[in-house]
Colleague: 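First, the structure itself, so that you have it in front of you.
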There are 2 protein chains.
Amino acid sequence: MDQRRNSAPDAARGGGDSAGETGVNAIGLPRSGGVGNQLRKIVTLSRDFERHVGAALDVNATDLSAMEHLMVSGSLTPSELSRRLDISTAATTLVVDRLVALGHAQRHPHASDRRKVVVVPAAASVARAVDELMPVIGGVASLTQELSPEERTVIEAFLTRVVGVYESALAPDRAMDAGGPSAA
Amino acid sequence: MDQRRNSAPDAARGGGDSAGETGVNAIGLPRSGGVGNQLRKIVTLSRDFERHVGAALDVNATDLSAMEHLMVSGSLTPSELSRRLDISTAATTLVVDRLVALGHAQRHPHASDRRKVVVVPAAASVARAVDELMPVIGGVASLTQELSPEERTVIEAFLTRVVGVYESALAPDRAMDAGGPSAA
DNA sequence: CAAACATAGCTAGGATGCTTAGCAATAAGG
DNA sequence: CCTTATTGCTAAGCATCCTAGCTATGTTTG
């Protein structure tokens with residue numbers, strides 16, 4: 001979170017780190033212009049930002065993701081949490097243990113199924129998380145609201161197609177979800 | 001990568017998971033409309049995609065990130081790699097060990113500084129990585145080229161502002177980095 | 001109703017990947 | 001030459017994940 005420059009004084013052969021934004025880089029990958037570059041930056045920055053929020057709440061990436069799911073859904077069982085986090089139920093037990101130990105969540109018995117446990121996020125922790133997340137969520141919301149309807153339409157359509165590109169790349173077989181982009 | 005639905009039959013209190021895309025969710029966070037939603041999807045999908053690429057090359061997330069830096073820069077010293085990955089130099093030694101063991105990179109002595117080591121990515125591994133990355137990189141590039149100049153301008157300006165939002169959120173003090181092209 | 005099967009959450013033991021601390025070799029400066 | 005900084009490495013420890021397996025509870029079936 002301190003040094004993320006491209007000044008690569010140690011790059012060993014060829015200072016080819018500054019291949020520009022519209023050309024190709026050292027290995028011939030097309031840079032896809034400024035738009036692709038900005039998308040890449042957003043992905044990287046969002047990861048940095050999540051780490052920042054996690055540090056603010058003293059939780060690791062997995063636990064923060066769990067908190068986000070809990071905040072969105074209000075409460076979840078460990079099983080459901082393990083499905084959403086894509087980790088084992090054993091690891092989820094530890095995730096909940098850590099969240100409980102920090103006071104970020106509580107375990108409650110399920111009302112009708114005594115096998116189940118209900119994990120509820122602590123109000124204070126939710127408030128702190130929202131405080132941390134608001135700059136970005138609110139910032140993007142503000143940017144979106146400043147757009148004209150036409151601009152918003154253009155941007156949303158483009159982003160939807162980008163989502164389609166990712167989904168096609170991830171699941172070449174069943175990628176008919178976000179409308180097949182012509183580039184597929 | 002199999003179940004990522006929002007059908008939350010286990011949500012314990014209030015099925016408030018379907019708060020819609022334009023309203024607020026269970027805790028009152030504004031959803032910032034479809035644009036914010038698509039951005040979030042892109043971030044999530046790009047993480048999934050990186051995992052997918054990493055699996056294809058038999059490397060973990062850190063090692064894949066190292067490979068990406070190596071591909072972009074052509075070659076790097078372990079120290080520079082550790083700075084870019086934001087991990088300790090000790091961890092970087094292990095990263096390079098793993099890449100070398102898999103044949104993805106090689107260690108070479110530095111030409112003029114005998115303390116240094118130069119890590120060079122293997123051509124075959126770079127080719128495989130590019131093969132895996134092309135569907136997304138090329139797909140986004142294609143989408144961008146299909147845009148009209150006006151659309152591209154609108155989208156790039158918006159994405160640049162989103163980048164600014166993230167940077168402001170991460171570094172409230174020194175957020176004048178992405179060269180504030182407020183509209184272009 | 002009772003036996004068989006399924007589900008939920010937990011514990012135990014092992015693997016992976018990160019950290020801090022400290023080392024030897026090399027470079028740079030007085 | 002002698003001191004200090006830098007580089008890359010090793011060693012020991014910690015955090016987090018996984019698989020395997022257990023108990024308790026729920027569900028199905030004869």
Side-chain angles (χ1 to χ4, degrees), chain A residues 1-3 8-12 47 50-51 54-55 57-67 70 75-102 104-120, chain B residues 1-3 8-12 47 50-51 54-55 57-67 70 75-102 104-120:
Chain A
M1 221 102 64
D2 357 41
Q3 66 287 67
D10 289 85
R47 187 158 21 212
E50 290 225 332
R51 251 177 39 176
L57 297 180
D58 278 309
V59 298
N60 63 28
T62 304
D63 297 1
L64 176 64
S65 182
M67 276 302 289
L70 289 174
S75 71
L76 293 169
T77 65
S79 308
E80 179 61 23
L81 212 42
S82 79
R83 277 186 282 270
R84 301 201 185 192
L85 299 175
D86 204 18
I87 60 176
S88 67
T89 60
T92 305
T93 295
L94 301 176
V95 168
V96 176
D97 282 349
R98 290 192 291 264
L99 292 179
V100 169
L102 287 172
H104 289 326
Q106 292 178 323
R107 269 189 252 245
H108 292 293
H110 190 279
S112 60
D113 189 336
R114 276 186 294 179
R115 293 171 305 178
K116 293 184 179 177
V117 165
V118 177
V119 181
V120 181
Chain B
M1 221 103 61
D2 355 46
Q3 66 286 64
D10 292 83
R47 186 156 25 211
E50 291 225 331
R51 248 175 44 176
L57 297 181
D58 279 310
V59 298
N60 63 29
T62 305
D63 298 0
L64 176 63
S65 182
M67 275 301 289
L70 289 174
S75 70
L76 293 169
T77 65
S79 307
E80 179 61 23
L81 212 41
S82 80
R83 277 186 282 270
R84 301 200 185 193
L85 299 174
D86 205 20
I87 60 178
S88 66
T89 60
T92 305
T93 295
L94 302 177
V95 168
V96 176
D97 282 351
R98 289 192 291 264
L99 292 180
V100 169
L102 288 171
H104 289 327
Q106 292 178 323
R107 267 188 254 245
H108 292 293
H110 190 279
S112 60
D113 189 337
R114 274 186 296 180
R115 292 170 304 178
K116 292 184 180 177
V117 164
V118 177
V119 182
V120 182

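What you see is a predicted model; the values in this text were computed from it and never measured.
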Colleague: Step by step, would you call A:Arg84 with A:Leu76 a side chain to side chain contact (heavy atoms under 4.5 Å, CB included)?
Modeller: CA-CA 10 Å; A:Arg84 301 201 185 192; A:Leu76 293 169; 3.7 Å; yes
Colleague: Check this for me: A:Arg114, atom CZ, are more than 12 non-hydrogen atoms of other residues, nucleotides or ligands nearer than 6.0 Å?
Modeller: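 Counting other residues, nucleotides and ligands, CZ of A:Arg114 stays at 12 neighbours or fewer.
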Colleague: Could you check if a side-chain atom of B:Leu70 sits within less than 4.5 angstrom of a side-chain atom of B:His104, using non-hydrogen atoms only?
Modeller: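 Answer no - side chains too far apart.
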Colleague: Measure the distance from CG on B:Leu64 to P on C:dT16 and round it to the nearest whole Å.
Modeller: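 The distance from CG of B:Leu64 to P of C:dT16 comes to 19 Å, rounded to the nearest Å.
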Colleague: With a 4.0 Å cut-off, would you call B:Arg83 and B:Glu80 a salt bridge?
Modeller: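 Judged by the 4.0 Å cut-off on N to carboxylate O distance, B:Arg83 and B:Glu80 do form a salt bridge.
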Colleague: Can you tell me which nucleotide in D:dC17, C:dA8, D:dT7 comes closest to the side chain of B:Lys116?
Modeller: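 The listed nucleotide nearest to B:Lys116's side chain is D:dT7.
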Colleague: Quickly work out the A:Ile87 CD1 to D:dA15 P distance and round it to whole Å.
Modeller: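 From A:Ile87 CD1 to D:dA15 P: 17 Å.
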Colleague: What I'd like to find out is whether the side chain of B:Arg98 reaches to under 4.5 Å of the side chain of B:Leu94, using heavy atoms alone.
Modeller: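 Yes, side chains in contact.
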Colleague: Is the closest side-chain heavy-atom distance between B:Val95 and B:Ile87 below 4.5 Å?
Modeller: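 Heavy-atom side-chain distance check passes, below 4.5 Å.
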Colleague: For a 4.5 angstrom cut-off between non-hydrogen side-chain atoms, does A:Val96 reach A:Leu81?
Modeller: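 A side-chain contact exists here, since the closest heavy-atom pair is under 4.5 Å.
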Colleague: Between C:dT7 atom C1' and A:Arg83 atom CZ, what is the distance in whole Å?
Modeller: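 The answer, rounded to whole Å, is 10 Å.
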Colleague: Would you kindly give the CG-to-C1' distance between B:Asp63 and C:dT16, to the nearest whole Å?
Modeller: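 For the pair B:Asp63 CG and C:dT16 C1', the rounded distance is 11 Å.
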Colleague: Please list, in numerical order, the residues of residues 88-98 of chain B that have a heavy atom closer than 4.0 Å to any atom of DNA chain D.
Modeller: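 Heavy-atom cutoff 4.0 Å gives B:Thr89, B:Ala90, B:Thr93.
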Colleague: Side-chain contact, heavy-atom cut-off 4.5 Å: B:Thr89 with B:Pro78?
Modeller: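 Counting from C-beta outward, B:Thr89 and B:Pro78 never come under 4.5 Å.
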Colleague: With a 4.0 Å cutoff (strictly under), does any side-chain N or O of B:Arg107 reach OP1 or OP2 of D:dC9?
Modeller: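 The answer is yes; a side-chain N or O of B:Arg107 sits under 4.0 Å from OP1 or OP2.
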Colleague: Using every non-hydrogen atom in the two residues, find where B:Leu85 and B:Ala66 come nearest and quote the distance to one decimal.
Modeller: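 Residues B:Leu85 and B:Ala66, closest heavy atoms: CD2-N, 3.7 Å.
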Colleague: In whole Å, what is the span from the CG atom of A:Leu99 to the P atom of D:dA15?
Modeller: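 After rounding, the gap between these two atoms is 16 Å.
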Colleague: Choosing from C:dC18, D:dC18, D:dT16, which nucleotide comes nearest the side chain of B:Thr62?
Modeller: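 The nucleotide sitting nearest to the side chain is C:dC18.
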Colleague: Any side-chain N or O of B:Asn60 less than 4.0 Å from the OP1 or OP2 oxygen of C:dG17?
Modeller: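 For C:dG17, OP1/OP2 do have a side-chain N/O of B:Asn60 under 4.0 Å.
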Colleague: Got a list of protein N/O to nucleotides 23-30 of chain C N/O distances below 3.5 Å?
Modeller:
residue : atom : partner  : partner atom : Å
C:dA27  : OP1  : B:Arg114 : N            : 2.9

Colleague: To the nearest Å, how far apart are A:Glu80 CD and C:dA8 P?
Modeller: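 Distance check: A:Glu80 CD to C:dA8 P gives 10 Å.
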